[in-house]
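What follows is one structure encoded as structure tokens, with my remarks underneath.
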Protein chains: 2
Amino acid sequence: MLELRHLRTLLALRDAGSLVEAAERVHLTQSALSHQLKDLEERLGAPLFIRKTRPVEFTRAGQRLLSLAEQVLPQFRMAERDIARMAGSEQGRLHMAIECHSCFQWLMPTVDRFRDHWPEIEVDIPSGHSFAPLQALGREQLDLVITANPVEMSGIQYIPLFRYEVMLAVARQHALAIKGHVEPQDLCDETLIIYPVEHDRLDVFTQFLEPANVSPREIRSAEMTVMMMQLVASGRGVTALPNWALAEYLSRDYVRGLSLGDGVWATLYAAVREDLLGTPWMDDFLRTARETSFEVLSGVKPA
Amino acid sequence: MLELRHLRTLLALRDAGSLVEAAERVHLTQSALSHQLKDLEERLGAPLFIRKTRPVEFTRAGQRLLSLAEQVLPQFRMAERDIARMAGSEQGRLHMAIECHSCFQWLMPTVDRFRDHWPEIEVDIPSGHSFAPLQALGREQLDLVITANPVEMSGIQYIPLFRYEVMLAVARQHALAIKGHVEPQDLCDETLIIYPVEHDRLDVFTQFLEPANVSPREIRSAEMTVMMMQLVASGRGVTALPNWALAEYLSRDYVRGLSLGDGVWATLYAAVREDLLGTPWMDDFLRTARETSFEVLSGVKPA
DNA sequence: AAGCATGATGAATGGTGCTCATGTTGAGAG
DNA sequence: CTCTCAACATGAGCACCATTCATCATGCTT
């Protein structure tokens with residue numbers, strides 16, 4: 001009668017707010033969800049949510065099922081993990097590299113949690129692959145790479161982790177600081193500070209400056225986020241970073257953050273070797289990564 | 001991957017001890033269960049139980065899933081009950097009659113529990129239908145009848161509650177009391193005390209005496225179990241009763257209990273109006289009855 | 001009023017979970 | 001040792017139903 005998939009659907013619906021997006025999350029069509037929920041409501045004899053509102057609002061019955069889902073689904077995951085551990089004496093390995101330069105704030109707690117669940121998996125972030133991590137992935141020297149720039153490669157799948165806004169950091173006393181957002185032209189007299197990578201892998205260029213055919217007056221690079229922040233704060237340039245990378249500097253009012261145009265958004269992916277996808281521990285890592293990053297970054301408010 | 005039906009199957013398997021009987025309990029074929037469990041074990045990558053032993057023995061993985069099932073399935077039931085209550089303002093009614101003369105010891109706790117879960121259902125055991133309860137069921141004056149003698153009737157379904165052994169009660173000093181069981185011939189010089197119903201509705205006759213073509217010397221009847229016990233204890237006759245009806249007298253060593261031949265077993269049924277089957281509260285009542293009777297009667301040891 | 005997004009609906013389809021029929025295994029009896 | 005019986009495994013076929021596709025209805029935005 002009541003099935004696990006119903007619970008998953010309802011959770012997805014609550015998190016998504018609409019059938020269309022909930023459908024994406026559970027990898028089904030909107031139609032499927034509509035049918036599924038209609039059937040369920042008929043069988044239970046009670047409406048579960050109100051469709052007219054946005055985001056959808058749950059009835060008391062719906063809320064009861066949501067709370068059931070939150071009780072029960074974790075128990076299932078735990079059991080499945082336990083079983084997988086009992087089954088798998090297969091020593092797994094999870095060696096990763098990070099292409100995104102400031103992921104540690106959510107990656108470290110993720111790894112900590114994961115180690116708890118899978119003590120026998122060897123987790124490491126070996127240095128030495130920071131130059132060409134995707135190639136190392138292809139050569140099976142690595143198992144997972146965190147990146148914002150998916151590049152089609154055979155044997156590698158890109159799993160989206162979360163979306164974020166790319167924002168411009170400027171000094172507090174900067175002329176632009178009073179505006180809520182900047183236009184491309186605003187940057188033509190600025191010094192832009194970037195990580196030392198090709199321009200076509202930076203969303204400021206591909207999604208913001210190049211479409212408007214604007215170039216900043218000067219471009220200089222810095223390896224580390226702290227360094228960039230110092231330069232920005234002292235008025236020697238501006239830089240574009242993920243909102244969550246800026247978060248701590250914004251909260252300390254060290255720099256100011258501005259949207260790029262109407263907002264430039266990007267998605268962070270985990271590039272994973274296909275042969276590892278589907279193993280319970282890899283699935284669990286990806287889920288943990290999503291959950292943890294959500295928790296850690298959800299305090300991050302744009303601007 | 002892991003589904004609710006798997007958990008139900010595993011619980012049934014544990015309670016039944018074999019695939020064949022477990023299949024009955026979940027209303028599937030043995031083949032279905034074999035397939036289902038094989039698939040599951042393959043997907044999990046771990047064996048769940050050992051088939052060669054009888055009753056089957058569970059591996060650690062199997063036990064883990066059993067414990068999951070015991071955590072999770074009750075939570076589902078509770079949620080479904082809550083939802084059914086929210087949905088159903090439909091005042092239900094549960095009027096019952098008892099054809100078996102000593103069911104109160106497990107029926108009362110059952111009713112108590114049920115009332116907790118379904119306060120708005122009107123539960124009653126109206127007197128006045130003790131004569132022809134099944135007819136009253138057909139006339140919709142009753143909703144459920146507890147009986148050990150299913151009689152085919154349109155619109156009525158018989159739901160098995162539990163199996164029990166019919167045992168012979170004899171006085172402590174009775175000649176037969178030293179034996180573990182009696183043969184039909186042993187009764188041809190005895191006075192048999194029975195409830196005042198037709199002989200063909202008593203298993204002592206249909207399953208024990210008549211097949212051997214034996215009649216007791218004398219037959220007398222009594223309305224109440226206590227009365228029968230007094231007669232038996234004082235050596236004025238013997239009687240055949242369900243083991244659980246005898247239990248309290250046996251434990252007080254008031255009478256002795258003997259198996260009839262290799263053991264005569266019967267099943268107690270709930271006769272239910274078909275239109276009520278499938279309503280959540282009726283399903284819940286039947287489940288509660290089975291569980292409660294099991295708990296109450298499981299202390300009852302034969303002889 | 002047009003355009004867009006969301007949800008509903010009905011028909012068609014494909015997957016899969018079940019049954020049926022049969023094969024295999026193991027235990028107990030003669 | 002073999003016969004038998006019960007329990008479980010296995011493969012093929014089938015039926016159901018969850019899902020998809022195509023389309024329609026509705027409401028909000030511009």
Side-chain angles (χ1 to χ4, degrees), chain A residues 1-59 61-62 65-66 69 73 76 163 262-263 265 278, chain B residues 1-59 61-62 65-66 69 163 262-263 265 278:
Chain A
M1 164 131 206
L2 187 54
E3 297 276 336
L4 286 180
R5 68 197 154 88
H6 296 132
L7 299 188
R8 293 193 233 272
T9 300
L10 286 171
L11 278 191
L13 180 58
R14 184 198 55 185
D15 296 342
S18 83
L19 282 193
V20 199
E21 205 197 320
E24 268 179 36
R25 300 201 184 199
V26 293
H27 306 293
L28 289 175
T29 62
Q30 170 268 325
S31 177
L33 289 208
S34 182
H35 283 297
Q36 186 183 108
L37 289 166
K38 190 183 161 221
D39 282 6
L40 184 61
E41 287 180 324
E42 257 164 33
R43 279 199 277 216
L44 295 177
L48 296 176
F49 64 102
I50 300 154
R51 292 128 212 267
K52 318 218 160 192
T53 61
R54 206 151 319 276
V56 291
E57 194 178 321
F58 287 85
T59 64
L65 286 193
L66 283 174
L73 292 180
F76 266 82
R163 280 171 58 75
D262 299 331
W265 287 80
Chain B
M1 164 132 208
L2 187 54
E3 295 278 336
L4 286 180
R5 68 196 152 87
H6 295 131
L7 299 187
R8 293 193 232 273
T9 301
L10 286 171
L11 278 191
L13 180 58
R14 183 198 56 186
D15 296 342
S18 84
L19 280 193
V20 203
E21 205 197 321
E24 269 179 35
R25 300 203 184 196
V26 293
H27 306 292
L28 289 175
T29 61
Q30 170 268 323
S31 176
L33 289 208
S34 183
H35 283 298
Q36 185 181 109
L37 290 166
K38 191 185 161 222
D39 281 6
L40 184 61
E41 287 180 323
E42 257 164 33
R43 278 200 277 220
L44 296 177
L48 296 176
F49 65 103
I50 299 154
R51 291 127 212 267
K52 319 221 158 187
T53 61
R54 207 147 319 275
V56 292
E57 194 177 320
F58 287 85
T59 64
L65 286 193
L66 283 174
R163 280 172 57 76
D262 299 331
W265 287 79

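Here is how names work: the chains are called A, B, and so on, in the same order as the sequence lines, proteins then strands, and each is numbered from 1. Every heavy atom of this structure was used, including side-chain atoms; hydrogens, water molecules and symmetry mates were not. In this text, all values refer to a predicted model and were calculated from it rather than measured experimentally.
Between A:Arg51 and C:dA8, a side-chain N or O to OP1/OP2 separation shorter than 4.0 Å is present. For C:dA8, the OP1/OP2 oxygens have no side-chain nitrogen or oxygen of A:Lys38 closer than 4.0 Å. Residue B:Arg54 places no side-chain N or O under 4.0 Å from the OP1 or OP2 atom of D:dA6. OP1 and OP2 of D:dC21 both lie 4.0 Å or more from every side-chain N or O belonging to A:Ser31. Contact annotation: A:Gln36 reaches the phosphate of D:dT19 (side-chain N/O to OP1 or OP2, under 4.0 Å).
Taking each heavy atom of A:Thr53 and A:Ile50 in turn, the nearest pair found is OG1-O, 3.5 Å. Across B:Arg25 and B:Asp15, no two heavy atoms sit closer than the pair NH1-CB, 3.5 Å.
Relative to the side chain of B:Ala32, the nucleotides C:dG7, D:dC8, C:dT19 differ in distance, and C:dT19 lies closest. Taking the side chain of B:Ser34 as heavy atoms from C-beta on, and the options D:dT19, C:dG17, D:dA9, the nearest nucleotide is D:dA9. Candidate nucleotides C:dG7, D:dT10, D:dC8 were compared by shortest atom distance to the side chain of B:Val56, and D:dC8 ranks first. You'll find that the side chain of B:Leu28 is closest to C:dT19, out of D:dT20, D:dA7, C:dT19.
With centroids closer than 5.5 Å and planes inclined by less than 30 degrees as the test, B:His35 and the base of D:dT10 pass as a stacked pair.
Side-chain atoms of A:His6 come within 3.5 Å of backbone atoms of A:Glu3 as a donor-acceptor pair (strictly under, hydrogens ignored).
Among the atoms of the strands shown, only primed sugar atoms or phosphate atoms (P, OP1, OP2) are found under 4.0 Å from some heavy atom of B:Ser18. Residue A:Asp39 is in sugar-phosphate contact alone, with no base atom involved, counting any heavy-atom pair closer than 4.0 Å across all strands shown. Counting any heavy atom pair closer than 4.0 Å across all strands shown, B:Leu33 reaches no nucleic acid atom.
Ion pair B:Arg163/B:Glu21 not flagged as a salt bridge, since none of the NZ, NE, NH1 or NH2 atoms sits closer than 4.0 Å to an Asp/Glu carboxylate oxygen.
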